[in-house]
Colleague: 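Here you go, one structure.
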Amino acid sequence: GCGQSATAEVPAAETTQAPAQEEAQAAAEETAADAAAESGAVALAGMTIGYCMPDTSESFLSWLSNSVKDLAAADGVTVDIADAAGSATTQISQIENFAASGTDLIIVMAVEPTGVTDAIERAQAAGSMVMVAGGDTGAYDAIMFTDQYEDGTMMAEMGAAWVEATFPDAEPGSIEIALLEDRSTPEANSRCDGMNTITDICDKVTIVQTVGSIKTNDAAQAAMENIMQTNPEIKLVLSYNSGGAMGVNEFATRAGSPVKDASQFAVFASDLDEASIAAIAQSGDNSSVFRGLIKFGSDDLPGDTYNLAKKILLNETYEVENPDPLTKITIDNVADYQ
Amino acid sequence: MEPILTLKNITKLYPGVRALDDFSIEFKPGEIHALLGENGAGKSTLIKVISGAIEPTAGEIVYKNKTYSRMTPKISRDNGIEVIYQEFNLVDTLSAAENICMGDRFGRFVDFKKMEKIAADIFKQFKIDINPKALVEGMTPAHKQIVEISKAISKKCELLIMDEPSAPLTVKEVECMFDIIEVLKKKGITIIYISHRMDEIFRIADRVTVMRDGTFVKTLLTKETNRDELISLMVGRELSSDYPKPKKHYDEEILRLEHIYGNGDSNISFSLRKGEILGLAGLVGAGRTELARLIYGADRMDSGKIYLEGKEIKIKSTSDAIHYGIGLIPEDRKNQGCFLEQSIEWNIAFNNIRRFSKSGIVNQKQTEEAAKKYGEAMSIKTPSYVQDVKNLSGGNQQKVVIAKTLAANSRIIIFDEPTRGIDVGAKQEIYELMCALADEGIGIIMISSDMEELLGMSQRIIVLAEGKKAGELEKEEFSQTAVLKYASSCG
Amino acid sequence: MKEKVIKILKKYTIILVLIGLILFFSIINPVFFSLTNFTNIFVQQSYVIIAAIGLAFVMISGGMDLSVGYQMSLVGVITAVSMMWLNLPVLFSVLIGLAMGVLLGIINGVAAVKLKVHPLIITLGTMTIFQGTSYIISNSNPIFGLPDSFKFLGQGYVGPIPFSVIAMVIVAFFASFVLNKTYFGRYVYALGSNEEAAHLAGVNTKKIKICVFMICGFFVALSAIILVGRAGSATSATGVGTEFTCMTAAVLGGISFKGGSGKVWGVITGVLILGVLSSGMQIIGLGTYPQYIAKGIVLLAAVGFDNYQKNTKIKKTEKAVEA
Amino acid sequence: MKEKVIKILKKYTIILVLIGLILFFSIINPVFFSLTNFTNIFVQQSYVIIAAIGLAFVMISGGMDLSVGYQMSLVGVITAVSMMWLNLPVLFSVLIGLAMGVLLGIINGVAAVKLKVHPLIITLGTMTIFQGTSYIISNSNPIFGLPDSFKFLGQGYVGPIPFSVIAMVIVAFFASFVLNKTYFGRYVYALGSNEEAAHLAGVNTKKIKICVFMICGFFVALSAIILVGRAGSATSATGVGTEFTCMTAAVLGGISFKGGSGKVWGVITGVLILGVLSSGMQIIGLGTYPQYIAKGIVLLAAVGFDNYQKNTKIKKTEKAVEA
Ligand SMILES: Nc1ncnc2c1ncn2[C@@H]1O[C@H](COP(=O)(O)OP(=O)(O)OP(=O)(O)O)[C@@H](O)[C@H]1O
Ligand SMILES: Nc1ncnc2c1ncn2[C@@H]1O[C@H](COP(=O)(O)OP(=O)(O)OP(=O)(O)O)[C@@H](O)[C@H]1O
Ligand SMILES: O[C@@H]1[C@@H](O)[C@H](O)OC[C@H]1O
Ligand SMILES: [Mg+2]
Ligand SMILES: [Mg+2]
């Protein structure tokens, strides 16, 4: 009975996110895993996972945590999501509270990886298993980590490729570009460092403007309006996240925009969400200038996360170190993600 | 004898106002020296210069043979000058005892026992039952004033300045205060005493200085002058010493209260005729203000009935009261009466602003006219009506409050301590105004702690004691002893 | 005469600060001094100005509204949800958004009146309630692909003038009119300067309190709608933090925390100072963190200078009288 | 007798709220009612309590300090930089951190006194200055691998009792003593309730103003050090936002925004209410967003209830007088 409901629920949750062919593949994998899951699900029922999220006001993170919660619910596993709302201290307390209430597994996506190390060790000592996702916290039973520097670097690569394709004959240093950064957390900081490698990858570009603390649509629009005052020739923008990129896109495509030729303008960013996918899909006919983003995690990040969690809970063998794959999404492969 | 304090050529300027103009004066050690002048003459400004609360624009201060170009509150206190300001300067969230001992140090740490004893001792002299531990917050103006006076006299001072100390007090406490002043005088303390109550000056002052428009007029020995001379020096004209009388008599009842309970008052009934001036007497805490607030809808009644011209009315809010033509001139001008940050004109028009508006929009011209009309009726002393009320002298602020209520065209007006802090000239004007209002058929309830004025102005007096009606006196029964007898009766 | 000029200058010190900043940035980088740039600043700040004027009503009445940011979040989400998920017509959705703003204002006002607690604390509480509600409704998802007719509110032009700027000007005139010319406006000032005296003067202080919050909610909702139109999408993070900008601007513009004073032009000037500052610092290429420091210093300098001017007024006029 | 009990209950209403919440959560999930959990809550809240007590000094004196969060950020970064980048001894680094806190407090105080502007506005300005400085120093990098002897301050135990709790208790007693038993403390109340009266009584109000900010800075620095010790690393984001928690807690605990009143035990109770609430809601498994809503409602209910109690008190005593 339990296995039945698991198979019934999982694809339903996936249909909105996973591409069609992936779905078939995933379904196949699920059936294979089903036999094991059948017995596992019985053992799993009643177990608890505490999911420590850095900030669920980011739509990506909220989608991720809710998806994992749905997957687990099918096995009778309770997932309590704790939102640190960007505060490293709150997160420490939340880890402690999960440990105090005897949570079987705590998943930590750290606000500040080095800041939760001690709290994780205390939680482990108190008998909880800890699985880390995101930045390296130093202590964990298993980790799915995102290399934020690599994320930024890949964004730079996409930008560089677009420049090479669009301006094949440009002189070195002749293409003006801008970076919209956010360095308010160490994680964010290293992603921005990665973004800055674009000048090493592509000699055609010069970074003429770097604006900090840009994470939202409106902030990005205002920043672009100001930037284009001094540097009207800017062709490319790398944005810390997709929220900012959406603002740049809105700015570039709206009536009366200083961006005269949309085909000669691009913005790239990180973090996948529905809105960004839709925008990238429209970049083919230049009705959007949001041309690419870096998605981290496999095509089924919630599934991967939950599968690892399940293994830990059932005391099965699992990989301790699980680097998240990073994927470039552009007009070429966006159809797979719609 | 060497003067203890000499002010030489003091000038103090405010925007558009010369509050003090080349003013010089001497105070002799051990004397009680009264300052007399109309509202806005500069009395409070003068004492603030002495205490260091403000800095004079020019001139110098010689105190105990030392010359200062300005004082500071600290210097003056360290040198034995204590001041009771016209407006309260109390810390509401601290106890009476702590307020009284504010700024004193006994030992390393705060000694609450000692402070409470000091407070209790002084309260005993006032024959008043205030708990030294009680917070000042929530005290009646009279009790606050007693705390204020206690604060000054608890210190070892050489010069005590009292700016209208009797204004919030009733006869009983004023008597106690005079006893205390007597004792201080015997100790050789110099006292500067400001009051608009002429009888007080004649009772306690050795010398009196009259000032006008910030200038020095004359210093006289009290025993060599008289009321009329002082008044004419002050206001530059003769004033009759009689209370004016309303000329018309009406028989119709305009307001009747039946068994009013609430707000600490119980079972109060009386009626008020058109054109009548009805006095409400009582000691501190008798519940007169409370009654006024019930009638005015500022506080809710527990039970009882109110009839306006024979018809029962329900007053649930102040706007109901205003709607029925009831006006209140509250006793505490600073906290209840006016909007200090706004202009005179704005204040005067305020109570009636809806009537000066058409479809919500204020008719500026009408408000200006009303302000001018009522402001001039009250002869408010100011360079212009766009001046903020906070810049007016205390008495002139009171006039603004009255003008504001008058401008609302009321049929019944409750005056709660209307002449508190008002100069003799203006008092006379207010009395005349009350009579004129009465002649128009307006019913007036007058609450006053100035016994003489209450007896002089009222046509009938109701005495409250401990929130109950203790007695009613007709004109022919009027006397101070009769009032006091009822006032100190219990229930 | 000279005295009069000085008096006027004193009254409008804060405008001098604004002009000073504009000159400063224009000298360092002439690009700053251009029509486009000024239009940009106006467009960027128009939604802030509208919200700040709403907040000004509350502040003049002696209150405070910390929930402005999450009101915007909630209104934005609800408007977008109406259009995109419930498929309601744009106009109708906008009306729902505005009504929602009014409702949130009423909630704040009624809570302040009933619980008899300072609005700052009330709105500290409602703020998190609005936040939770907004996230529950949006489920943290961005709502995008808003129709062009809606985006017009944030991005469109009427002739050469951005629609949002027109909305802002109308709001400013309307608010200024209400505050200065109607008796309601006087009641608002009265409530802020002496609540007890206002009560004794027959003002239904409770009603006025609820009204100012309602007005604030309405303007905040309008601001949110313009902001969402500009962004082209709504999320629960939209508008969050605006209360801080509005508060700072209001204070810069001479609205006292104690209530009872303040003018609409002051609020607008305050917002523009902040806007010019952030746009100017970016244009002259100051780094993000040095920008923070500069912003703090300018804020302190501006309020300090304003205050200094007001204090010296007395002394200078004194001399003038003497002369 | 009965009257006296009622009076005491009224005075300590807020403690009843705390007890009520604890019972509520314990009934729903007995795990809540355990020594570990209570220890957790105390440890989690000890740094908040210390900072809130610092802020209480400022608030009782009638001021406000919005810069608390970035003071913590700056102190944390400077302490960590001293240890890790400048290789200074732990004790010396801690002293530098504390001295820094005092300095930041003095900056706030002097600015408030000199510019004659309400501290809320002053600290709105210094807040962004401290923020910029903190980020410039840390260059947005985390400083981790702090020595164990330092981490002891945030994580260590003396016998069975966490060090941070001991520090908190000492701070509470000290602050309570200063506020209630010293002249300075009484002047802080006087200043908050009536600055003019205090001034006229010969109190050096400027000095007291600077002192309360200094004390606040010191406690905030101590709080930051404990917090960094607890996290084992420092970043410029450390402590940011604490001012809101402190402010909410102070208000819950009966410190008025107008100044002049408030008690240390009230502040502690206020912080614990927030702590119990967030820990309890997590333990009973309430979703994040419903948590926000619940928190807002509890805050409103608590202040409303407290106020209701206080108001009925007056009426009842009146009746007692009548009887
Ligand atoms: N802060 C101020 N700003 C402007 N003008 C002021 C200020 N304080 C007092 N004045 C003006 O100075 C003059 C003298 O005021 P002062 O308070 O000394 O009068 P007073 O004699 O004490 O009057 P009263 O009997 O009414 O108390 C008045 O005209 C008043 O308007
Ligand atoms: N120290 C006090 N603490 C609390 N309540 C008090 C105190 N003193 C008086 N009251 C209350 O105030 C009421 C009367 O106050 P109040 O003194 O204003 O009356 P009043 O007759 O108007 O006197 P006043 O001449 O001072 O205006 C009493 O019923 C009493 O309940
Ligand atoms: O910005 C986020 C980053 O901090 C986290 O580590 O990964 C998801 C991103 O959205
Ligand atoms: Mg005076
Ligand atoms: Mg009275």
Side-chain angles (χ1 to χ4, degrees), chain A residues 48 50-53 55-57 62 65-66 69 78-103 110-122 126 135 137-139 181-190 192-193 212-213, chain D residues 29-32 34-41 43-45 47-48 69 72 76 131 135 138-146 148 151 154-155 223-224 227-242 244-245 275 278-289 291-292:
Chain A
T48 51
Y51 205 159
C52 294
M53 275 282 148
D55 189 353
T56 52
S57 67
S62 131
S65 51
N66 287 329
K69 187 177 174 138
T78 317
V79 174
D80 288 331
I81 300 168
D83 179 13
S87 159
T89 345
T90 306
Q91 192 162 57
I92 293 176
S93 303
Q94 289 170 336
I95 295 171
E96 286 171 349
N97 294 342
F98 279 136
S101 51
T103 307
V111 176
E112 208 290 84
T114 59
V116 289
T117 315
D118 297 324
I120 290 177
E121 283 168 353
R122 288 196 295 271
T137 57
E181 297 187 336
D182 174 58
R183 291 177 179 268
S184 59
T185 65
E187 287 273 274
N189 200 30
S190 60
C192 292
D193 286 345
S213 293
Chain D
N29 188 344
V31 162
F32 186 87
S34 67
L35 187 63
T36 348
N37 191 43
F38 291 146
T39 314
N40 270 351
I41 293 178
V43 174
Q44 284 162 14
Q45 302 306 327
Y47 86 94
V48 182
M72 291 182 72
Q131 179 183 15
Y135 275 100
S138 74
N139 202 12
S140 309
N141 286 315
I143 304 151
F144 53 89
L146 303 181
D148 285 344
K151 290 207 272 190
Q155 304 179 9
S223 161
L227 175 59
V228 171
R230 177 167 148 83
S233 72
T235 75
S236 289
T238 307
V240 174
T242 309
F244 256 85
T245 318
S278 74
S279 143
M281 290 192 299
Q282 195 188 331
I283 285 179
I284 67 170
L286 204 62
T288 309
Y289 301 123
Q291 276 188 30
Y292 287 145

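Quick caveat, the model's predicted, so the values are computed rather than measured. Both backbone and side-chain heavy atoms feed into the values below; hydrogens, waters and symmetry mates do not. Residue numbers start from 1 in every chain, and the chains themselves are labelled A, B, ... in the order their sequence lines are given, proteins ahead of strands.
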Colleague: Among D:Thr36, D:Asn37, D:Asn40, D:Thr245, which has the most heavy-atom pairs under 4.5 Å with chain A?
Modeller: D:Asn40
Colleague: Under a 4.5 Å heavy-atom cutoff, which of A:Ile92, A:Val116, A:Thr78 has the most pairs with chain D?
Modeller: A:Ile92
Colleague: Does any backbone or side-chain atom of A:Gln91 lie under 4.5 Å from a heavy atom of chain D? Answer side chain, backbone, both or neither.
Modeller: neither
Colleague: So which heavy atom on D:Val31 is nearest to which on A:Ala100, and how close?
Modeller: CG1-O, 3.6 Å
Colleague: Please report the shortest heavy-atom distance between D:Ser138 and D:Ser236, naming the atom on each side.
Modeller: OG-OG, 2.7 Å
Colleague: At a heavy-atom separation under 4.5 Å, does D:Ser279 approach chain A through its side chain, its backbone, both, or neither?
Modeller: both
Colleague: For D:Phe38, is it the side chain, the backbone, both or neither that has a heavy atom under 4.5 Å from a heavy atom of chain A?
Modeller: neither
Colleague: Under a 4.5 Å heavy-atom cut-off, does chain A meet the side chain of D:Tyr47, its backbone, both or neither?
Modeller: side chain
Colleague: Do the side chains of A:Ile81 and A:Asn66 get nearer than 4.5 Å, heavy atoms only?
Modeller: yes
Colleague: In terms of heavy-atom proximity below 4.5 Å to chain D, should A:Asn189 be classed as side chain, backbone, both, or neither?
Modeller: side chain
Colleague: At their closest point, which heavy atom of A:Asp83 faces which heavy atom of A:Gln94, and how far apart are they?
Modeller: O-NE2, 3.0 Å
Colleague: Is the backbone N or O of A:Ala139 less than 3.5 Å from a side-chain atom of A:Thr137, with the two atoms forming a donor-acceptor pair by type?
Modeller: yes
Colleague: For chain D, which candidate among A:Lys69, A:Arg122, A:Glu96, A:Arg183 shows the most heavy-atom pairs at distances under 4.5 Å?
Modeller: A:Glu96
Colleague: D:Thr39, D:Asn29, D:Leu227: which one forms the most heavy-atom pairs within less than 4.5 Å of chain A?
Modeller: D:Leu227
Colleague: List the atom of A:Ala82, the atom of D:Gln282, and the distance in Å for their closest heavy-atom pair.
Modeller: CB-NE2, 4.1 Å
Colleague: Can you tell which part of A:Asp80 gets under 4.5 Å to a heavy atom of chain D, answering side chain, backbone, both or neither?
Modeller: side chain
Colleague: Side chain, backbone, both or neither: which part of A:Glu112 has an atom under 4.5 Å from a heavy atom of chain D?
Modeller: side chain
Colleague: Does any non-hydrogen side-chain atom of D:Phe144 lie less than 4.5 Å from one of A:Thr117?
Modeller: no
Colleague: Can you tell me how far OG of D:Ser34 sits from CD1 of D:Ile283, rounded to the nearest 0.5 angstrom?
Modeller: 7.0 Å
